[in-house]
Amino acid sequence: MSEIPKKYKHLEVEEKWGEKWEKWGIHSWDPDRGRDETFVVDTPPPTVSGALHVGHVFSYTHQDLIVRYQRMKGKNIAYPMGWDDNGLPTERRVQNLLGIQCNPHLPYDKDWKPERKKASDKSVEEVSRLNFIEACSGITEEDEQAFEHLWRRLGLSLDWNQQYATIDEHCRKVSQLSFLDLVEKDQVYNVESPTMWDIDFKTAVAQAEVEDRPRNGMFHDIRFGVEGGGELLISTTRPELLAACIAVVAHPTDERYQDLFGKFAITPLFGARVPIVPANHADPEKGTGILMVCTFGDSMDVEWWKQSGLAVKQVIGRNGRLLPVEFGSEPFASIDPGKAETAWARLEGLTANQAKKVSAELLGEEGSFVDGHSSAMPDEPRPVEQVVKFYEKGDRPLEFVTTRQWFVKILDYKEELKKQGEKIKWHPSYMRSRYQNWVEGLNQDWCISRQRYFGVPFPVWYPLGSDGEPDFSAPIFADPEMLPVDPLSTPAPGYSEEQRDVPGGFSGEPDVMDTWATSSLTPQIQSHWGVDPEKHSKLFPMDVRPQSHEIIRTWAFYTIVKAWMHEREIPWKHVVISGWILDPDRKKMSKSKGNVVTPEDLLTEWSSDAIRYWAARARLGADTAFDPGVFKVGRRLAVKVFNASRFVIMQLDRGAGAGSYPGVENITEPLDIAMVGKMRKVINQSAAAFESFDYAAALQVSEEAFWTFCDHYLELVKIRSYMDEDTPARRSALAGLAWGLKTFLKLLAPFLPFMTEEVWSWRFSGEGRDRSVHTSAWPSIEEVSEVPSPLHEETFNAAVEVLGEIRATKTQDQKSLRWPVNRLSVTASREQLDALAPVFDDVLMAGNVVPDAAETITGEPGEDRKFLVVLELAEEREES
RNA sequence: GCCCGGUUAGCUCAGUUGGUUAGAGCGCCUGCCUUACAAGCAGGAAGUCAUAAGUUCGAGUCUUAUACCGGGCACCA
């Protein structure tokens, strides 16, 4: 039996329990238990190259609350930790930290070692692909350690034996298996077509990674000639794409342009002859009602071009600069190639933004092919508010560039995917509509290839013709036994390394998969789909996917896609969505706004339990303010657990001897019975809340009951438990205290894992499951099935109310609460007095009323139906 | 334009199927060293439940509309 400390030192205690839990292995998944008794969590793998954020603490705590409850319910918990280290964020971080850039044409240098450079050093070193990948791996390892340290301090009950990283061998293997399975099922294809392209990262991006940003654009009215005479005026914000114009369109019903349909327009500057045709997407209300279609200004252009059969005029290159163009022949035919070339000479090589200005100048000067006008711009450009698509991590607008990419077919399956969403339970339920909205709005297949280096390679090669050109229509796929494979270091099946990149040989696919192509497989990764069928059957489909709402359209959606395509299954039964942390201005807290607080500092200052309490108060899905006021309340609750437990255990040790406390069969006194009666409700409500993932409601009901237990029950039972003789009354008090405290420690254990474990260890720790409060059985009303129900429902409240009146009188009289009462009379209805009678003696003792100086009077209840309490305080107080 | 949340005390939030006088904590004010806890305890002040109409014997709760805040989707020459 340990000595009970007087003060709580959270840093020491938290470290102690972190180590013990690890040593005991109480968070480990047991592979021998069946699916039915297992609770499986699809833990979000954080982007390790991002900053540790208080938002992480918030949402990971939510998962842990649910997990800890399920563990106490006896479930075998599968709660792994994954790290999302592959992909762009890591590449960016490595480029910045080490000042390196990948040049895939350089050979591997085995002597090269990554070194951090000084912030002032702006130089950039080029390294080979493999050196670059090594550097990325090194940096992510450091980052992962920082996360792990925070997770352990926060008390997340993760199974550290079950870890994965999205770039590790296992994840590469599963990702490639997934790809090959989709090839087999004919759900992927590669095609050369216009794709959204980030000109800075020089990679394709998927629809889900695109965000709209408002921008101030300029409408340019441009004068086009009409073949056979006449002119028309189109409005555009992208004059720099004029050379890419392939047609001019207006709405089929637009009166103004009926005569022009079927004719050809002549573009200014470049003299291209383009058809004038009707198109439904032209809005007569907007601009001049007639517009140019370019390859490609926006997604409408792409769509219209696809059904037009016209050739592409690509003028924007992969770096966002205007490409060299030869005028005079298809597709850049011109009625005046010389003039076109002169104009283009001033544009070629410029960025889109620079070209916009220069184009306007050129148009204003001499661009027109219309008789009687030298200028092709009758008016100055006018400002217009527009919305432009950006890659979510990018700084410049996306362009549509024609490239060869791999796609997963999702557009064909919108209905099926919506149905999958309906089979899953969303918490809160309204989050389902975000998923449904997204699926309904899909307009592109899922582009999974990225022109990056630190990612999972495609297990694909292409045969080279005698001309050395790859045949993309006949890709060579890896055999599953080869996985994971890097097609740039391993030759294609049936070829030798000498045949790489030579005519008649083969060439490896240089692209890597998008991060989401891997993280969409977290259930399959954890369950070893395709690798270990038995393990897979024990872990899949999973129970719960915790995540935040901004990645419903990516992580949740793609995971649902993969589970459906591979096995026609839902990946998990429940999705639980955490909200965001808002700063006091109600804006999302983010690194860029500079208002991020370091999580480690918070834990040090307030204790892990206090921070967990704050997170636990937020309902699922609700955005929550960063509020130190709530940390304080959490700390107060933890300290209260500490002090109340000290008191209860001191009473128990004194009255019954350390460790051998009276059991619940001794609970015979009406007050104690009434306390048990109240607790039955609390136990039921808390469990019901946890079953529906509403940890916040569970906390609320347990917390409130605990304060009542401390402020009222402990006060009322105190004097009886002080008694020196071993009477049934005292035994009942001690039994009530012991059961009550133990029950509260369990109810609060998910929220305050450190404090409750600390207190549990003083006297309640036992054998087997009872070694830790966190593996002990969740409270059940079965434990107190022998304790009778209270005779009156209101007994406990009556005691609290009358004692409250006594305390109020003393306080208003500026006397201490132990001040003696000489006389007391309580007037109330028959019914109220019946409720009070069994606990009246406890009330008198707690109120320090002189024995035999109290009376109860049956009368009309007061207007407020409260007890009418009249008392006379002692004049003097004896010094003790 | 379509869709989803939210609006309750100065602040942060509860408020089940409609049911007496709308709750808690923080903050504020007053008092109290009380054989667990001053990191405490007791008490107090403080709300036109965003607005309007409706349903009802009765609305914070249900319906409709509006306003504001936040978010999602679509469109965006």
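The sequence lines fix the lettering, A, B, ..., with proteins before strands; numbering per chain opens at 1.
Using a 4.0 Å heavy-atom cutoff across all strands shown, A:Cys710 reaches at least one base atom of the nucleic acid. Using a 4.0 Å heavy-atom distance criterion, A:Arg553 is classed as a sugar-phosphate-only contact. Across all strands, A:Lys632 comes closer than 4.0 Å only to sugar-phosphate atoms, never to a base (heavy-atom distances). Among the atoms of the strands shown, only primed sugar atoms or phosphate atoms (P, OP1, OP2) are found under 4.0 Å from some heavy atom of A:Trp707. Within 4.0 Å of A:Met431, counting heavy atoms only, lies no atom of the nucleic acid at all.
The C1' atoms of B:U51 and B:A67 are separated by 7 Å, rounded to the nearest whole Å. Here the separation of B:G6 from B:G44, taken at their P atoms, is 33 Å to the nearest Å. With C1' as the reference atom, B:G10 and B:A45 are 13 Å apart, rounded to whole Å.
With centroids closer than 5.5 Å and planes inclined by less than 30 degrees as the test, A:Tyr722 and the base of B:U35 pass as a stacked pair.
Which of B:U34, B:C37, B:A39 sits closest to the side chain of A:Val639 comes down to B:A39. Listed nucleotides: B:A42, B:C75, B:C4. Nearest to the side chain of A:Thr811: B:A42.
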Please set out all donor-acceptor pairs under 3.5 angstrom arising from side-chain atoms of residues 436-443 of chain A, sequence neighbours excluded.
from	atom 1	to	atom 2	distance (Å)
A:Trp438	NE1	A:Arg553	O	3.4
A:Glu440	OE2	A:Lys418	NZ	2.8
A:Asn443	OD1	A:Gln207	NE2	3.4

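Salt bridge present: A:Asp221 and A:Arg382 bring a charged side-chain N and a carboxylate O closer than 4.0 Å. For A:Arg720 and A:Asp842, the salt-bridge test passes: some basic side-chain N is under 4.0 Å from an acidic carboxylate O.
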